[in-house]
Amino acid sequence: MEKMSRVTTALSGSVLTGRTMHCHLDAPANAISVCRDAAQVVVAGRSIFKIYAIEEEQFVEKLNLRVGRKPSLNLSCADVVWHQMDENLLATAATNGVVVTWNLGRPSRNKQDQLFTEHKRTVNKVCFHPTEAHVLLSGSQDGFMKCFDLRRKDSVSTFSGQSESVRDVQFSIRDYFTFASTFENGNVQLWDIRRPDRCERMFTAHNGPVFCCDWHPEDRGWLATGGRDKMVKVWDMATHRAKEVHCVQTIASVARVKWRPECRHHLATCSMMVDHNVYVWDVRRPFVPAAMFEEHRDVTTGIAWRHPHDPSFLLSGSKDSTLCQHLFRDASQPVERANPEGLCYGLFGDLAFAAKESLVATESGRKPYAGDRRHPIFFKRKLDPAEPFAGLASSALNVFEIEPGSGSMSWFVDTAERYALAGRPLAELCDHNAKVARELGRNQVAQTWTMLRIIYCSPGLVPTTNLNHSVGKGSSCGLPLMNSFNLKDMAPGLGSETRLDRSKGDTRSDTVLLDSSATLITNEDNEETEGSDVPTDYLLGDVEGEDDELYLLDPEHAHSEEPEYVLPQEAFPLRHEIVDTPPGPEHLQDKADSPHVSGSEADAASLVPVDSSFSLISVSHALCDSRLPPDFFSALVCDMLRFYAEQGDVQMAVSVLIVLGERVRKDIDEQTQEHWYTSYIDLLQRFCLWNVSNQVVKLSTSRAISCLNQASTTLHVNCSHCKRPMSSRGWVCDRCRRCASMCAVCHHVVKGLFVWCQGCSHGGHLQHIMKWLEGSSHCPAGCGHLCEYS
Amino acid sequence: MAEGENEVRWDGLCSRDSTTRETALENIRQIIVRKTECLRLMKETPYRPADGLSNAVSLDGLNKLLAHLLMLSKRCPFKDVREKSDFILKSVQELGIRIPRPLGQGPSRFIPEKEILQVGSEDAQMHTLFADSFAALGRLDNITLVMVFHPQYLESFLKTQHYLLQMDGPLPLHYRHYIGIMAAARHQCSYLVNLHVNDFLHVGGDPKWLNGLENAPQKLQNLGELNKVLAHRPWLITKEHIEGLLKAEEHSWSLAELVHAVVLLTHYHSLASFTFGCGISPEIHCDGGHTFRPPSVSNYCICDITNGNHSMDEMQVNSAGNVSVSDSFFEVEALMEKMKQLQECREEEEASQEEMASRFEIEKRESMFVFSSDDDEVTPARDVSRHFEDTSYGYKDFSRHGMHVPTFRVQDYCWEDHGYSLVNRLYPDVGQLIDEKFHIAYNLTYNTMAMHKDVDTSMLRRAIWNYIHCMFGIRYDDYDYGEINQLLDRSFKVYIKTVVCTPEKVTKRMYDSFWRQFKHSEKVHVNLLLIEARMQAELLYALRAITRYMT
């Protein structure tokens with residue numbers, strides 16, 4: 001306590017001043033350390049060992065400790081430390097394994113005091129006892145820690161780390177006898193200085209070497225460790241078992257960590273490789289550094305707070321041969337630049353939105369979302385009143401739910417489960433899928449399937465003359481037509497649906513509204529934010545204003561007629577127009593002969609007993625019978641797929657892609673396909689439709705997709721007795737020499753599918769358990785548990 | 001007959017499911033029977049000149065199949081496959097077709113076959129290893145069979161190699177094999193080149209590339225220079241090399257790709273060292289691994305020539321191997337004595353700083369005299385040479401090379417702290433795998449030395465490791481290089497130096513003449529240390545250059 005007050009008075013007596021500055025060193029630095037008076041800093045490296053005075057405006061070289069003509073490896077420093085009690089006392093760790101102490105009070109030029117050559121390998125770290133004047137601790141690559149009494153010639157005691165290299169040693173600031181050491185294998189050990197025979201406590205802190213550790217200056221039990229696994233962890237050692245209380249994820253391996261004075265939750269880190277910046281973290285906000293110093297051009301190797309009670313001055317040395325003083329107020333604060341808003345869609349169209357509280361409060365007052373129930377949930381962090389740093393943001397989370405009913409995605413699930421994608425002839429697949437779609441009330445989709453069937457399943461090939469003719473036509477006009485189509489964002493199916501309903505005599509606007517809501521469901525992306533009336537208007541306008549064109553588009557979509565046909569027909573009554581459109585009378589005759597036609601005619605009739613659509617289908621049929629090659633339509637089909645995908649119905653796009661296979665694949669570029677596949681698979685997996693998603697993966701031809709189910713195909717099993725992983729085979733444990741997974745019904749080893757009750761963890765062969773459960777709901781093992789299987 | 005029908009699919013055999021294997025084998029059997037029938041028919045029909053060619057082609061195809069079957073019958077970890085393929089071969093023989101038989105004496109020419117583990121007699125742990133290796137590659141190569149002396153290392157080695165060649169990575173699969181070919185060809189290692197030529201074609205590589213590096217894409221050609229320097233004089237790698245690769249407009253490499261390539265190059269350079277260092281024989285199904293001739297003909301030379309070793313040495317083996325037992329026994333004793341002395345006197349006699357520094361220099365300088373002669377630079381005449389250019393570029397001693405190259409200090413850039421982080425950043429998970437491999441290789445010990453048990457060999461292992469790094473100009477501040485001189489005798493140094501720097505010149509004589517009393521498994525252990533130390537040395541230089549480029 002006495003010491004404490006002395007330091008505080010020292011601080012209050014002379015307030016630290018200075019600015020952000022740097023000075024050039026002659027060589028790369030490996031470590032730095034600050035003198036107790038906060039006015040001097042020592043820099044050590046392979047070929048540098050100097051003391052600099054920290055002045056108001058600059059660093060001034062005060063003393064060069066590298067004397068003598070011959071460069072000695074004893075001076076090649078891996079670490080340096082300045083005694084916090086004695087201003088004249090320094091210690092260095094040399095790369096050749098020597099620990100050297102320096103006495104600045106010596107009158108001669110050579111200040112070297114003592115030489116300890118006990119370590120066999122590089123000494124990584126030296127550390128003075130915080131209160132004891134003569135106690136020095138070192139940790140070395142050879143796996144030993146040694147405690148030296150500076151009044152004696154050799155070490156007082158040796159602590160063995162079981163041949164694991166020691167990377168850091170630190171005396172506890174509060175507990176007189178305790179020190180922590182970190183190891184290359186990821187362990188941290190706690191030692192009592194009086195008991196060299198074994199460590200007090202040991203735990204694995206990191207995956208890979210732990211490069212550094214630092215005791216919290218005020219909190220007795222807190223120890224921060226940094227490792228090669230890019231993490232900084234804060235451990236509470238006061239409890240019985242070391243408990244991880246905070247974890248900060250950085251972007252590179254952590255070389256040094258130092259608690260910030262006077263700020264309970266702050267620590268500074270620098271990295272070993274790649275990243276040159278020094279960061280100050282608030283451990284409670286582990287994703288964004290509170291402050292960042294970007295002065296260095298090469299990796300920072302040493303950091304030190306200038307004064308143990310002043311949080312604003314940080315010193316750092318670097319491989320780029322510079323020494324820097326950073327001022328906290330000059331630091332860049334990544335938080336300022338971060339974008340504190342987050343937006344996410346739920347599966348069922350719910351929207352969650354998180355933003356700064358202030359931002360949301362003002363906005364929500366101004367702009368109410370009609371028709372939505374709002375469930376604002378506020379997360380607010382409790383601010384530590386003692387904490388001067390106000391960077392911790394509080395944010396609000398809003399969830400917008402979609403109206404019940406309209407947002408139901410059950411059609412998606414049903415469709416996914418019932419669609420047939422392979423294993424049958426194309427015609428059957430199309431029919432099946434059309435039927436599924438129809439049963440789910442998705443007439444537009446059903447129509448598409450029917451059309452696909454018609455396009456691709458007609459017999460015969462086109463005579464060349466005929467082909468030339470029609471191809472010529474198509475190429476002359478296909479492009480502009482497509483454009484007009486895309487602009488309207490309308491599918492042929494949709495058009496025909498509206499028309500059908502209308503002819504039934506219903507009010508037009510109603511149907512359209514219904515339709516539009518149907519498209520809205522598939523197109524979740526903008527519905528709630530935009531307000532649902534916008535797209536509705538759009539559709540209405542389209543339908544009302546451009547009825548005729550819509551009609552015209554259908555036949556065109558089917559066979560790419562010349563645009564001249566479109567214009568004159570505007571005046572015609574709607575129904576006749578369709579009958580008019582077929583290019584020639586001979587098709588009608590053909591139609592009657594074809595068995596396919598009759599089949600689909602029947603289909604169409606049962607589906608929509610209105611002759612307008614009937615005629616539409618027969619038109620396309622007639623066209624097919626005129627022996628147009630299916631290739632002829634592929635551009636249109638591709639456009640159709642793109643249309644569906646853009647509408648948000650990737651399900652349709654992918655299903656058609658799979659069903660049609662080679663027929664269309666070549667016309668759509670790989671990346672788009674891949675994109676559709678991944679979106680669809682993602683959706684399927686979010687709905688837990690694992691089987692379907694796997695089928696899709698399997699059927700996909702895209703390389704990137706089909707390799708999805710070849711990755712991570714290994715299943716690791718733990719033994720049910722010893723709870724350790726079974727390495728060689730999945731059913732016999734090497735350690736306890738027992739068969740781990742026995743079937744509770746037949747008492748044989750299960751080598752394939754093993755199903756078990758999560759309540760009592762008994763189980764067995766899938767078939768056996770299923771059979772058992774038909775008769776009884778009790779556990780077959782006889783444990784009395786009422787088993788539940790999902 | 002359509003080719004597709006006769007396409008043989010071997011991958012079914014890699015399955016762990018015995019029924020899948022059985023169907024696959026049955027398929028193969030049928031194809032072979034069909035081919036044989038076809039051949040017989042052709043023979044029976046009167047000779048037509050036009051048929052001569054197709055006859056030869058189909059015979060060639062059949063022979064390839066039979067060779068593969070022979071390999072399976074010897075080297076497949078699954079008993080059922082071994083038996084069945086043997087059966088098929090026999091039945092083919094009964095039909096009057098000449099079947100192949102393996103050449104050479106097992107996986108290694110240096111190690112008697114009986115010392116090496118036989119496939120089929122492995123324990124459960126090794127069987128898992130074999131099965132894993134077989135599943136990944138479709139074969140159990142000779143390297144694996146030799147390395148299995150040290151299963152712990154083998155596991156890590158296979159895992160790493162599998163990851164490098166087949167798992168996620170920035171480079172396409174055929175690039176990876178091609179880089180392997182490039183690297184192995186630098187040391188004229190026809191064994192590895194042959195293996196990877198097959199793999200390269202298997203993953204869909206363009207056969208044209210195999211005609212020489214100049215037929216490969218510009219991007220790979222650019223890598224040639226790095227390959228050359230890395231293999232022979234890694235200390236000359238500068239950040240300009242890296243920059244040249246990364247900034248070559250449309251042919252430029254990305255950092256991640258480059259790290260992948262560098263890891264592959266170093267892996268195959270050191271694997272070439274292993275191949276020569278342990279005298280690995282050609283694979284049974286590759287050229288030179290089998291013969292269709294009856295056994296009466298002497299076939300010694302064939303396998304030797306194809307593997308780049310001089311058959312002359314084989315003759316001298318016997319004279320070298322006959323060194324009196326007592327003499328070599330003394331060797332071990334002396335070595336142990338020295339180790340003990342070093343352990344004890346360490347504290348007493350403390351060498352001065354200058355002394356220590358000069359010892360490193362001495363060792364470095366001496367290491368170059370160790371080498372017998374550079375003069376007999378044999379220009380490789382075999383087809384391997386077409387995979388690389390500038391054949392005269394070889395290892396030049398670190399310090400002799402005229403210009404002064406600063407010593408590389410491990411304390412300033414080491415694998416654990418720096419290399420690992422860089423690799424893992426640019427090529428995730430690989431850093432971890434390689435790190436594990438280094439660790440296992442460095443720490444592997446059974447605490448035995450020849451006939452002695454409970455020996456702490458760490459000092460010896462460290463001497464070997466540091467000696468190799470010393471040859472590459474890498475210095476450990478905390479190591480007394482005087483120890484090397486005490487522990488490693490001249491013939492051992494010759495062997496180390498040859499394996500690491502010019503592996504193609506290793507002879508059986510060299511292998512036999514060092515550590516005569518030691519077991520073969522211990523010599524393989526030494527080889528593992530050699531190749532890992534070499535790989536780390538190359539990696540350190542390459543990664544340091546990349547780091548310098550990045551900062």
Side-chain angles (χ1 to χ4, degrees), chain A residues 28 30 45-46 68 70-78 94-98 115 117-124 140-142 154 163 165 167 184-185 207-209 211 228-230 251-255 271-276 296-299 319-320 707 711-712 727-729 732 734 752, chain B residues 16-17 123-129 131-132 155 166-168 172-173 255 343 346-347 350-357 360 409-414 416-426 431-432 435-436 439 443 456 458-459 462 475-480 543-544 546-548 550-551:
Chain A
N30 276 347
R46 172 170 290 283
K70 289 186 220 100
S72 160
L73 273 183
N74 291 349
L75 290 171
S76 158
C77 304
T95 50
N96 63 350
V98 178
L115 213 64
T117 53
E118 290 185 32
H119 284 294
K120 292 193 188 76
R121 314 247 342 233
T122 301
V123 178
N124 285 320
S140 154
Q141 198 74 16
D142 62 11
D154 44 14
S163 73
S165 302
R167 297 311 295 246
E184 211 149 72
N185 63 353
N207 180 15
F211 287 138
R228 194 172 70 177
D229 58 0
K230 308 179 190 173
I251 56 165
S253 53
V254 183
S271 85
M272 183 79 84
M273 271 295 280
V274 192
D275 186 17
H276 310 157
H296 288 299
R297 298 275 73 87
D298 201 339
V299 281
K319 277 251 163 86
D320 65 0
C707 72
S712 66
S727 48
S728 59
R729 269 152 301 178
V732 184
D734 292 333
Chain B
R16 271 159 224 264
D17 177 33
D123 63 17
Q125 188 205 355
M126 291 182 188
H127 181 80
T128 328
L129 272 178
D132 282 343
E155 186 177 4
Q166 274 144 327
M167 302 296 276
D168 298 343
L173 293 180
L255 263 176
Q343 206 100 47
R346 189 177 242 154
E347 276 86 45
E350 196 52 57
S352 73
Q353 286 307 308
E354 298 76 43
E355 177 81 23
M356 297 288 262
F360 174 73
R409 306 268 187 169
V410 169
Q411 269 73 13
D412 291 345
Y413 197 98
C414 67
E416 284 80 16
D417 296 1
H418 307 92
Y420 170 90
S421 304
L422 185 66
V423 172
N424 233 23
R425 184 187 180 89
L426 294 169
Q432 188 67 44
D435 190 44
E436 241 173 69
H439 213 74
N443 291 321
D456 179 12
S458 58
M459 186 184 269
R462 193 166 168 221
R475 181 177 176 188
Y476 290 80
D477 282 346
D478 52 1
Y479 189 67
D480 174 8
L543 293 175
R544 187 178 66 164
I546 294 177
T547 310
R548 284 187 176 162
M550 287 168 74
T551 51

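Below, chains carry the letters A, B, ... as their sequence lines are ordered, and counting in each starts from 1.
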Asker: Are A:Arg228 and B:Asn424 packed together at the side-chain level, in the sense that at least one heavy-atom pair is separated by less than 4.5 angstrom?
Answerer: no

Asker: Would you give the length of the straight line joining atom CG of B:Asp417 to atom CD of A:Glu184, rounded to the nearest 0.5 angstrom?
Answerer: 7.0 Å

Asker: Just give me the residue among A:Met272, A:Arg46, A:Lys319 that pairs up with chain B most often, heavy atom to heavy atom, under 4.5 Å.
Answerer: A:Arg46

Asker: Who pairs with B:Arg425 by salt bridge (charged side-chain N to carboxylate O under 4.0 Å, His left out), at least two apart in sequence or on another chain?
Answerer: none

Asker: So what's closer than 4.5 Å to chain B heavy atoms on A:His276: side chain, backbone, both or neither?
Answerer: side chain

Asker: Report, as yes or no, whether the 6.0 Å neighbourhood of atom CD on B:Glu155 holds more than 12 heavy atoms from other residues, nucleotides or ligands.
Answerer: no

Asker: I'd like to check the side-chain contact (heavy atoms from CB on, under 4.5 Å) partners of A:Arg297; sequence neighbours left out, ordered by chain and number.
Answerer: A:Asp320

Asker: Which answer fits B:Asp412, side chain, backbone, both or neither, if we ask what part of it has an atom under 4.5 Å from a heavy atom of chain A?
Answerer: both

Asker: Would you call B:Tyr413 and A:Met273 a side-chain contact if the rule is heavy atoms closer than 4.5 Å?
Answerer: yes

Asker: Is it the side chain or the backbone of A:Ser76 that comes within 4.5 Å of chain B heavy atoms, both, or neither?
Answerer: side chain

Asker: In Å, rounded to the nearest 0.5 Å, how long is the span from CD of B:Gln432 to CG of A:Asn207?
Answerer: 5.5 Å

Asker: Has the side chain of B:Asp478 got a donor or acceptor atom that lies under 3.5 Å from a matching backbone atom of A:Arg121?
Answerer: no

Asker: If you measure from CG on A:Asp298 to CE on B:Met550, what distance do you get to the nearest 0.5 Å?
Answerer: 11.0 Å

Asker: Kindly indicate whether the side chain of B:His439, heavy atoms from C-beta on, has any atom under 4.5 Å from the side chain of A:Asn185.
Answerer: no

